[in-house]
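Numbering of ligands and ligand atoms starts at 1, following listing order.
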Amino acid sequence: MLDLDRQEVMFLPGVGPQRAKLLKEELHVSTLRDLLYYFPYKHIDRSRLYAINELSSDMPYVQVRGQILSFETEGEGRKRRLVAHFTDGHGLMDLVWFQGLKYILSHYKLHTDYIVFGRPTAFNGRINISHPDLDPVESLKLSSMGMQPYYNTTEKMKRAGLNSRAIEHFTSTLFLRLQERIPETLPDYLIGQLDLMSLDDALRQAHYPKNASLFRQAQFRLKFEELFYVQLNILRYTRDRIRKYHGYVFTRVGAFFHEFYSDYLPFPLTNAQKRVIREIRNDMGSGRQMNRLLQGDVGSGKTLVALMSMLIALDNGFQACIMAPTEILAEQHLATFRNFLGDMSVRVELLTGSVKGKSREAVLRGVQDGSVQILVGTHAVLEDTVVFQHLGMVVIDEQHRFGVAQRARLWTKNNHPPHVLVMTATPIPRTLAMTLYGDLDVSVIDELPPGRKPIVTTHQFDNRRELLYQAMRKQIELGRQVYVVYPLIKESEKMDIKNLEDGYEQLCKVFPEYKISKVHGKMKPIEKDAEMQRFASGETKILVATTVIEVGVNVPNASVMVIENAERFGLAQLHQLRGRVGRGADQSYCILVTKYELSRDTRRRMQIMTESNDGFEIAEEDLKLRGPGDLEGTQQSGIAFDLKLANLAKDGQILQLARDTAMQVLDHDPDGVLPENKILWAQFYRLKKQNINWSAIS
Ligand code: ADP
Ligand code: MG
C-alpha cells in the first residue's frame with residue numbers, strides 16, 4: 001500500500017526533483033495525499049466528438065477528430081500567425097497559433113489523425129480555433145476520458161511545463177497505482193447515518209467523475225468532511241474552555257446601571273436592545289465566562305449596549321475595557337461614553353498609540369490601581385505595560401476580525417478570564433459567523449431605534465454632476481448638511497488626496513455661499529478635530545472627507561451622503577458609510593457616484609445598495625459576490641479562506657449539517673475515547689498537526 005502521507009509526489013513518473021520543488025512552492029503539494037486533495041476547478045466533457053459542420057461560435061468547447069491538410073503563415077511582425085487547415089473528411093476549419101509557431105510546425109504532421117480540442121469562433125464564415133489542444137489519436141483513450149479535469153497552475157509552473165495537463169497526468173497515474181482503497185477518514189456509522197460516499201470513491205469522482213450525479217455526491221462528502229473537522233475543532237475548543245474556565249459571577253445589577261438607566265439614558269431602549277442586555281446579564285451571572293457575539297446593523301445602537309454591559313461589571317467591583325480597531329473610533333467611543341455618562345462618577349480614560357508621556361503614565365497607573373473604571377483603547381491595551389487591577393469585562397468593537405487566538409490573548413491579562421463581548425461593525429453572513437465566530441454565542445439586534453426612515457439610495461454617473469449638485473443644494477437649503485466621501489487607499493494615497501483636494505475646490509466654486517470643511521488622515525489631529533467640530537456645530541454645510549468618517553462620526557443633521565468613486569468600495573464599507581446618515585428624523589439620501597464604465601460585479605454592487613437598506617441582506621450578497629477569501633478580515637483569522645472545496649457563500653446547508661454532526665459527536669464522546677470514533681479522532685489530530693491555519697482557532 002502506498003503511504004499517502006509519507007510518499008512524496010517527486011517519485012511519481014514524470015515529476016522528479018525540479019517539478020516537485022515547484023509543486024511544493026507554488027501549490028503546497030508535496031505528498032501524495034496533498035496531490036489527491038488538489039482538486040480541479042472545472043471539468044470539461046470529452047466524451048463526445050463533433051463534426052466540423054455542426055460547430056458554431058456559441059459552443060464553449062468542442063473536440064473534433066481529423067487531419068491537417070496544410071500549414072500557412074499569415075501576416076507580418078507581431079501579427080504573424082500560423083494557420084493549419086483542418087478537415088474531418090466532411091467540413092473544413094482553421095487552427096490558429098500566434099505563438100510557438102516553430103514548435104508547432106516541427107511537431108505536428110500533415111495527414112495524420114489528431115484530436116483537436118478548443119473553443120470555436122467564427123471568422124469570415126469559417127470556424128477556427130486558436131491555440132487548440134492537439135493530441136495524436138492513439139495517445140487519448142477517448143471512450144474512457146469522460147470528464148476531463150482542469151487544474152489551476154501558476155505562471156511559473158506553466159513556464160516549466162507544469163500545466164493542467166501535466167497535473168492531470170500525475171493524478172491519473174496516481175489513481176492507477178492505488179491498488180487498495182484509500183483509507184476512510186470518517187467513522188462507518190457517520191457514513192451510514194448521512195449516506196455519504198466513501199472517501200476512496202469521493203476522491204476518484206472528484207477528479208474523474210463518471211457522471212454529474214456521482215460528482216455531486218463526491219463534492220458533498222468532501223465538503224461535509226472539510227467543514228465537519230473545522231466545526232469539531234471550534235466546538236471542542238469551546239467546550240474545553242467552558243470546562244476549564246469559570247467566569248466571574250456578576251450577581252448584582254446595581255447603582256451604576258440603575259442610576260444610568262433611570263437618570264441618564266436619553267431615550268428608551270429598543271426591545272431588541274433590552275433583550276440583548278438581558279442575554280448578556282444572564283451570561284454574566286451564570287458562572288461561566290461569557291463569549292458573545294453582538295450582531296446588529298449600522299445604527300442599531302450597539303455602543304449603548306456595550307456601555308450598559310460594562311456598567312454591570314462596574315457594579316460588581318470590576319473594571320471594563322473596550323477595544324476599537326482605529327484611534328479615531330476609540331476617541332469617538334470615549335466621547336460617546338463621557339457624553340452618555342454625563343456627571344456620573346465613572347472614570348473613563350483613553351489609551352491609544354497617541355497617548356504619550358505623562359498622560360500615558362497617569363492612565364496606566366489608574367488602570368493598575370483600579371481608579372480607571374472603563375478603559376477605551378486600540379490594540380495598545382494589549383501591551384504588557386497595561387496591567388488591570390481587576391478586569392471583569394472586555395468589549396471588542398471589530399472592524400477587522402480577530403482570530404480566536406488573538407481574542408484569547410485578552411484573557412491572559414488576568415488569571416481569570418473576563419467576560420468578552422465581540423461587536424461587529426456591520427452584520428456578517430451566518431455561515432461566516434459560524435466559522436469565524438463559531439465559538440461564540442450570538443445576540444442579534446434586529447431592530448433600529450424608532451423614527452428612522454429608510455435611506456433613499458441612488459446611483460449616478462460622474463458625468464452628470466449638475467444633478468448631484470442640484471440634489472445637494474436642495475437639502476442644504478432645507479437646513480441639512482452633506483458628507484462627500486472619497487476613498488483612501490494606502491497604495492494610491494497621493495492620488496486619492498489629490499482627488500479629494502480637486503473635489504473640494506470644485507465644491508467651493510459650485511457652492512460659494514456655503515462654508516465647506518475638509519478632513520483627511522494626513523491632517524494634524526487638532527486641525528481634524530477643529531474641522532469636525534465646525535461641521536458638527538452646523539457652521540460648515542458640507543464635509544469633504546476620506547473614509548476617516550466611516551467610523552464613529554455622528555451628526556444627526558447631516559442627511560446626505562455622497563460617495564465618490566463608489567466603485568472602489570466594497571459592499572460592507574458602502575453600507576457602513578451610508579449608516580452615517582439617517583440618524584435624525586429627516587429623510588436621508590445616499591448618492592453613489594461612479595464612472596460610467598463598470599464591471600458586472602460593480603454594477604451588481606450598486607444595484608444591491610440602491611435596493612436594500614438591510615445590512616444582513618447586504619452581507620449575504622457580499623459573500624456571494626466576492627467569496628469568503630476576499631471578505632475583509634477573513635485573512636487575519638486564517639480559516640474561512642483556507643477551505644479547499646466548501647464555499648461559505650453556497651454551502652450553508654452542508655455547514656449546518658457539519659456543525660450539528662460535530663455537536664452530536666461531542667455530546668456522545670466528549671473525551672474522545674469511544675472506539676467507534678477512533679478513525680475520527682486520529683484524523684482530527686492529524687489535521688490539527690498539519691494545518692497551520694488551525695492554530696488561529698485553537
Ligand atoms: P451602531 O450599532 O452602528 O454602533 P450606535 O451605537 O452608534 O450604532 O447608535 C447609533 C445612534 O443611535 C447613536 O446616535 C445612538 O445614540 C442612537 N441610539 C442608540 N440606541 C437608541 C435608542 N434606543 N433610541 C434612539 N436612539 C438610539
Ligand atoms: Mg458602532
Is it true that, when you exclude [X] itself, more than 12 heavy atoms of the residues, nucleotides or ligands shown sit nearer than 6.0 Å to its [atom1]?
X      : atom1 : value
Arg534 : CZ    : yes
Leu478 : CG    : yes
Gln653 : CD    : no
Met523 : CE    : yes

- At under 4.0 Å between heavy atoms, which part of Pro268 makes contact with ligand 1: side chain, backbone, both or neither? backbone
- Taking both backbone and side-chain atoms of Gly301, is any N or O found less than 3.5 Å from an N or O belonging to ligand 1?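 Yes - when backbone and side-chain N and O of Gly301 are compared with those of ligand 1, one distance drops under 3.5 Å.
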- Task: May I ask you to check whether Phe340 has an N/O atom sitting below 3.5 Å from an N/O atom of ligand 1?
- Result: no
- Message: Between Glu531 and Ser517, do the side chains contain a donor N or O and an acceptor N or O under 3.5 Å apart?
- Response: yes
For [X], take its heavy atoms, then give the atoms of ligand 1 lying under 4.0 Å from any of them.
X      : value
Thr270 : 23 (N)
Val298 : 3 (O)
Leu269 : 23 (N)

- Query: Closest heavy-atom contact between Gln475 and Ser559?
  - Reply: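 Closest approach of Gln475 to Ser559, heavy atoms only: OE1-OG, 3.6 Å.
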- Item | Exercise: identify the closest heavy-atom pair between Gln481 and Thr540 | NE2-O, 2.9 Å
- Query: Does Asp297 have a heavy atom less than 4.0 Å from any atom of ligand 1?
  - Reply: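 Yes.
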- Would you say Gly296 contacts ligand 1, with heavy atoms under 4.0 Å as the rule?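 Gly296 does not count as a contact of ligand 1 under the 4.0 Å cut-off.
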Around [atom], find the nearest protein heavy atom and jot down its residue, atom name and distance.
atom                    : answer
atom 3 (O) of ligand 1  : Gly299 N, 2.6 Å
atom 21 (C) of ligand 1 : Phe267 CE1, 3.1 Å
atom 12 (O) of ligand 1 : Arg452 NH2, 2.8 Å
atom 5 (P) of ligand 1  : Thr303 OG1, 3.6 Å
atom 13 (C) of ligand 1 : Asn554 ND2, 3.6 Å
atom 10 (C) of ligand 1 : Arg583 NH1, 3.3 Å
atom 20 (N) of ligand 1 : Gln273 NE2, 3.0 Å

- Note on the structure: So salt bridge (Lys or Arg N to Asp or Glu O under 4.0 Å) across residues 308-334, not counting sequence neighbours, yields none
- Query: Heavy atoms, side chains only, cut-off 4.5 Å: are Leu500 and His520 in contact?
  - Reply: yes
- Task: Using the six-membered ring wherever Trp is involved, compare the ring planes of Tyr248 and Phe318 and label them parallel, tilted or perpendicular (cut-offs 30° and 60°).
- Result: tilted
